[in-house]
Chemist: 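Please read through the structure below; I'll follow up with questions.
Just so you know, ligand 1 is whichever comes first in the structure, and atom 1 is the first atom listed for that ligand. What you see is a predicted model, and the numbers here were worked out from it, not measured in a lab.
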Amino acid sequence: MSRWLRVLRTPLGISAVLLLTALIALAIFGPMLWSDNASAVETDAIQEGPSADHLLGTDALGRDIFYRVLVATRLSVGLALLATLIGVVIGTLLGTAPSVLPRRTGRLVTAAVNIAVAFPGLLLALFFAVIFGVGTTGAVLAIGLATAPSFARLTQTLSASVAGRDYVAAARVAGVGRLRLLTRHVLPNIGEPLVVNATIGAGAALLAFAGLSFLGIGVQAPSYDWGRLLGEGLSRIYINPAAALGPGVAVVLAGLAFNLFGEMVATVVGERTPTPRIGAPPEPARPSTASAPAAGAPVLAVEDLRVSFPTPTGWLTPVRGVSFVVHPGEAVGVVGESGSGKTLTALAASRLVEEPGVVTAERLDFDGVPLLSTPERELRGLLGRSLAMVFQDPTTSFNPTRRMGRQLAEVAEEHQGLSRRDAIARTVEKLTSVRVPAARRRAHQYPHEFSGGMRQRAMIAMGLMSTPKLVVADEPTTSLDVTVQRQVLRLLAQVRADTEAAIVLISHDITVVSQTCDRVLVMYAGRIVEDLPASDLHSRAQHPYTRALLAVVPDLDTDREQPLGVIPGRPPEPSRIPEGCAFANRCPLATDVCRTEDPQLLRVTDRHRVACWNPVVDEAEVEQPIGERAEVQG
Ligand SMILES: Nc1ncnc2c1ncn2[C@@H]1O[C@H](COP(=O)(O)OP(=O)(O)OP(=O)(O)O)[C@@H](O)[C@H]1O
């Protein structure tokens with residue numbers, strides 16, 4: 001509220017409010033007060049110039065032009081607003097249709113909008129005016145339809161920017177349908193810029209309307225708006241210029257009122273920044289108490305997973321044949337440098353890779369259900385109940401326009417059929433279980449009122465609203481400070497112990513993964529290059545890349561005078577994966593074969609796989625001769 005007051009006190013705010021109030025007052029009271037004066041015919045005062053009796057002179061029937069301009073405010077502003085409303089409604093429908101319609105139909109709509117946007121608005125309005133016929137209805141429809149394409153384009157662009165946010169992905173994982181996703185999560189977050197644009201658009205519609213009436217294809221006699229009065233006045237501009245200037249000034253002032261108001265709203269909206277909060281006090285970390293991985297059917301089975309994207313020069317495949325399984329209750333860490341494909345692997349396993357991305361796999365089963373061949377509608381329930389996602393940035397994981405409690409409760413309402421009241425009770429229970437203090441009060445707060453660590457815990461609570469079998473945490477602690485990181489990791493370990501959910505923890509930080517997980521998958525350039533128990537990481541890692549990742553982690557013996565260690569070179573771009581082993585040009589042990597043939601991920605022991613032609617094997621650690629590493633896993 002204070003933001004509004006502050007902007008209202010600026011010259012922009014004052015002029016916008018004054019002009020708009022005057023305009024609205026005129027539109028409401030003008031016809032009531034001055035209709036009679038405006039329609040009174042004075043045969044002895046025909047086509048007179050300005051005088052004390054008639055400030056802007058009179059028209060061909062001796063009617064007072066000044067009063068007619070005042071009375072015309074209602075029709076001029078009313079029709080412009082009606083046309084804007086039509087444009088906004090149709091534009092928003094067209095702009096959001098591609099998100100809910102089948103892909104092909106959606107593309108057609110987008111193409112049609114793009115073509116329509118390319119035509120100048122007034123030309124379109126003239127075109128529609130001819131189709132709908134001369135008159136007020138035709139002009140309103142014409143201007144409304146001519147405004148719609150640019151609005152649709154704006155809505156599409158804004159929706160696309162919101163669709164990529166984590167809270168939309170979270171809602172999709174929670175099984176929220178497309179339409180609901182649109183109405184609950186996308187539209188509320190693009191509402192403000194749309195309103196700002198609509199306000200400014202109303203000014204443009206007013207001008208367009210005046211233009212059509214001026215040309216004689218808008219409002220028809222005996223009705224009159226500013227455009228019509230302008231047209232009539234223009235025919236006598238050399239005799240009585242005030243007759244044309246009056247309605248002209250009215251159009252300019254009304255357009256200015258709408259534009260200034262739009263600018264004022266834009267200034268208020270642009271000022272919005274969430275209030276920063278300070279994180280909760282640190283708590284000491286405890287080692288994981290989770291049980292050893294259970295045997296039996298895996299909760300996630302991935303075989304030869306590939307994720308590709310089309311580019312102008314061909315397909316790009318950032319994930320190139322990844323195979324692994326995650327057993328119930330197991331914690332699997334995925335490490336690797338930026339761009340190695342960790343996130344895409346997790347997204348593919350949650351069916352969250354967006355078109356035009358293409359996911360293929362020999363097998364991609366979640367809880368025994370093949371994700372690639374099961375219809376989305378059927379999967380929604382399964383994933384919503386059994387899969388929880390925790391994203392990197394807790395700031396973008398929640399819809400900023402909705403209270404936290406509602407966002408969590410939605411999951412329970414959707415999947416457990418709980419009533420609103422029970423869902424809220426469950427929300428409070430879950431927020432308490434992840435140690436959000438004063439959970440009942442907090443449930444009524446908005447995301448920006450939570451600290452970063454608390455938001456991340458609330459995200460975990462959201463995953464726990466059902467009983468997840470798998471929690472996928474993608475860099476859940478990257479944006480948090482060190483002490484809060486510990487709390488979140490500890491919480492994940494506790495969730496695992498309490499619910500027996502499996503956890504896939506994606507991280508840049510090999511130390512975090514080794515402390516939190518049972519098993520570590522090391523990824524490089526879209527492939528798993530090593531898969532080994534976390535307890536063996538420091539003693540038995542064989543891939544030179546894994547060793548290099550471990551070597552650059554500073555420890556207590558690291559010389560602080562020296563710069564921190566780095567792995568020389570850079571990982572290859574997905575578009576430039578070299579022949580042979582992708583790590584060869586950075587590998588100190590690379591030989592000729594490494595540069596020509598890509599090594600397979602082969603089994604070293606039952607729990608250890610490595611993809612390397614020259615694995616680093618300390619004599620004392622050898623369990624099997626390298627020659628026996630023959631079984632191909634993926
Ligand atoms: N929608 C997309 N279109 C094209 N390329 C993409 C797309 N999404 C990801 N990529 C590319 O795929 C590669 C792997 O991305 P991914 O996000 O999985 O890496 P990551 O290992 O999780 O990295 P980070 O740790 O930085 O998140 C990157 O090179 C990225 O540029």
Side-chain angles (χ1 to χ4, degrees), residues 99 103 157 159-166 168-170 172-173 300 302 304-324 332-361 364 389-397 456 471-480 485 503-513 516-517 520-531 543 545-546 548-549 552-553 566-567 569-578 582-583 585-586 611:
S99 329
R103 196 169 152 215
T157 311
S159 308
S161 69
V162 173
R165 299 279 168 86
D166 288 348
V168 177
R172 285 170 64 196
V173 171
L300 181 67
V302 180
D304 200 18
L305 174 75
R306 288 166 194 273
V307 182
S308 310
F309 296 94
T311 69
T313 51
W315 285 91
L316 194 75
T317 308
V319 176
R320 309 177 295 132
V322 164
S323 305
F324 64 96
V332 176
V334 185
V335 292
E337 284 164 288
S338 190
S340 54
K342 307 181 295 291
T343 300
L344 279 179
T345 302
L347 290 180
S350 327
R351 278 274 305 248
L352 280 177
V353 173
E354 287 276 7
E355 281 167 357
V358 173
V359 177
T360 58
L364 182 58
M389 293 283 293
V390 182
F391 296 100
Q392 178 171 358
D393 184 358
T395 319
T396 59
S397 299
Q456 201 58 298
V471 179
V472 177
D474 185 358
E475 310 263 7
T477 57
T478 304
S479 59
L480 306 176
Q485 282 184 14
I503 290 181
V504 171
L505 175 66
I506 296 170
S507 180
H508 284 109
D509 191 337
I510 198 162
T511 317
V512 162
V513 163
T516 319
C517 299
V520 180
L521 306 177
V522 183
M523 286 193 71
Y524 188 78
R527 287 219 167 144
I528 293 177
V529 294
E530 189 154 19
D531 168 8
H543 200 288
Y545 180 58
T546 316
L549 283 179
V552 295
V553 176
V566 287
I567 306 175
R570 292 177 56 180
E573 294 290 325
S575 54
R576 292 195 196 146
I577 304 284
F583 187 59
N585 61 355
R586 300 172 78 189

Chemist: Tell me every residue that passes salt bridge (charged side-chain N to carboxylate O under 4.0 Å, His left out) with E337, counting only those two or more places apart in sequence or in another chain.
Modeler: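 Testing E337 for salt bridge (charged side-chain N to carboxylate O under 4.0 Å, His left out), a comparison that skips the adjacent residues, returns R586.
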Chemist: Taking only non-hydrogen atoms of M523, do any sit less than 4.0 angstrom from ligand 1?
Modeler: no
Chemist: Would you say atom 9 (C) of ligand 1 touches the protein, meaning some protein heavy atom is under 4.0 Å from it?
Modeler: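 Neighbour list for atom 9 (C) of ligand 1 includes protein heavy atoms (cut-off 4.0 Å).
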Chemist: Let's go through L505 and V512 carefully: what are the C-alpha distance in whole Å and the side-chain angles of both, what is the deciding distance for side-chain contact (heavy atoms from CB on, under 4.5 Å) to 0.1 Å, and is it a yes or a no?
Modeler: CA-CA 9 Å; L505 175 66; V512 162; 4.2 Å; yes
Chemist: Is there a donor-acceptor pair under 3.5 Å between the side chain of T317 and the backbone N or O of S308?
Modeler: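 No; zero donor-acceptor contacts below 3.5 Å.
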Chemist: Between the side chain of R527 and the main-chain N/O of G321, is any donor-acceptor distance below 3.5 Å?
Modeler: no
Chemist: Is G336 near ligand 1, meaning one of its heavy atoms is under 4.0 Å from it?
Modeler: no
Chemist: Would you mind checking which non-hydrogen protein atom is closest to atom 26 (O) of ligand 1, with the distance to 0.1 Å?
Modeler: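 Looking only at protein heavy atoms, the one closest to atom 26 (O) of ligand 1 is S338 OG, 2.5 Å.
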Chemist: Which residue owns the protein heavy atom closest to atom 5 (N) of ligand 1, what's the atom, and how far is it?
Modeler: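 So the nearest neighbour among protein heavy atoms is F309 CD1, 3.7 Å.
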Chemist: Within the structure provided, determine whether W315 and V358 are in side-chain contact (heavy-atom separation under 4.5 Å).
Modeler: yes
Chemist: Is there any N or O on G341 that sits under 3.5 Å from an N or O of ligand 1?
Modeler: yes
Chemist: What atoms of ligand 1 come closer than 4.0 angstrom to any heavy atom of P574?
Modeler: 29 (O)
Chemist: Protein heavy atom under 4.0 angstrom of atom 17 (O) of ligand 1, is there one?
Modeler: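 Yes, at least one protein heavy atom sits under 4.0 Å from atom 17 (O) of ligand 1.
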Chemist: When you compare ligand 1 with L316, is there at least one nitrogen or oxygen pair between them that comes in under 3.5 angstrom?
Modeler: no
Chemist: Would E337 count as a contact of ligand 1 if the rule is a heavy atom under 4.0 Å away?
Modeler: yes
Chemist: Under 4.0 Å, heavy atoms only, figure out whether ligand 1 is touched by the backbone of H508, its side chain, both or neither.
Modeler: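 For H508, the contact with ligand 1 is made by the side chain alone.
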Chemist: By number and element, which atoms of ligand 1 are closer than 4.0 Å to a non-hydrogen atom of E475?
Modeler: 25 (O)
Chemist: For the 3.5 Å polar cut-off, considering only N or O atoms, please tell me whether T343 and ligand 1 meet it.
Modeler: yes
Chemist: I'd like to know if the side chain of K342 and the backbone of G336 have a donor-acceptor N/O pair within less than 3.5 Å.
Modeler: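 Yes: the side chain of K342 pairs with the backbone of G336.
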Chemist: Taking all heavy atoms of V319 and all of G341, pick out the closest pair and write down the distance.
Modeler: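 V319 and G341 have their closest heavy atoms at CG2-O, 3.8 Å.
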Chemist: What is the closest protein heavy atom to atom 12 (O) of ligand 1, and at what distance does it sit?
Modeler: P318 CB, 3.1 Å
Chemist: Restricting to side-chain hydrogen bond (donor to acceptor under 3.5 Å, both in side chains), what partner residues turn up for T546, sequence neighbours left out?
Modeler: E530
Chemist: Using the side-chain contact (heavy atoms from CB on, under 4.5 Å) definition, which of the options V529, V335, T345 pairs with M523?
Modeler: T345
Chemist: Can an N or O of G339 be found at a distance shorter than 3.5 Å from an N or O of ligand 1?
Modeler: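 Min N/O separation from ligand 1 is below 3.5 Å for G339.
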Chemist: Please find the pair of heavy atoms, one from V390 and one from P476, that lie closest to each other, and give the distance.
Modeler: CG1-CB, 3.9 Å
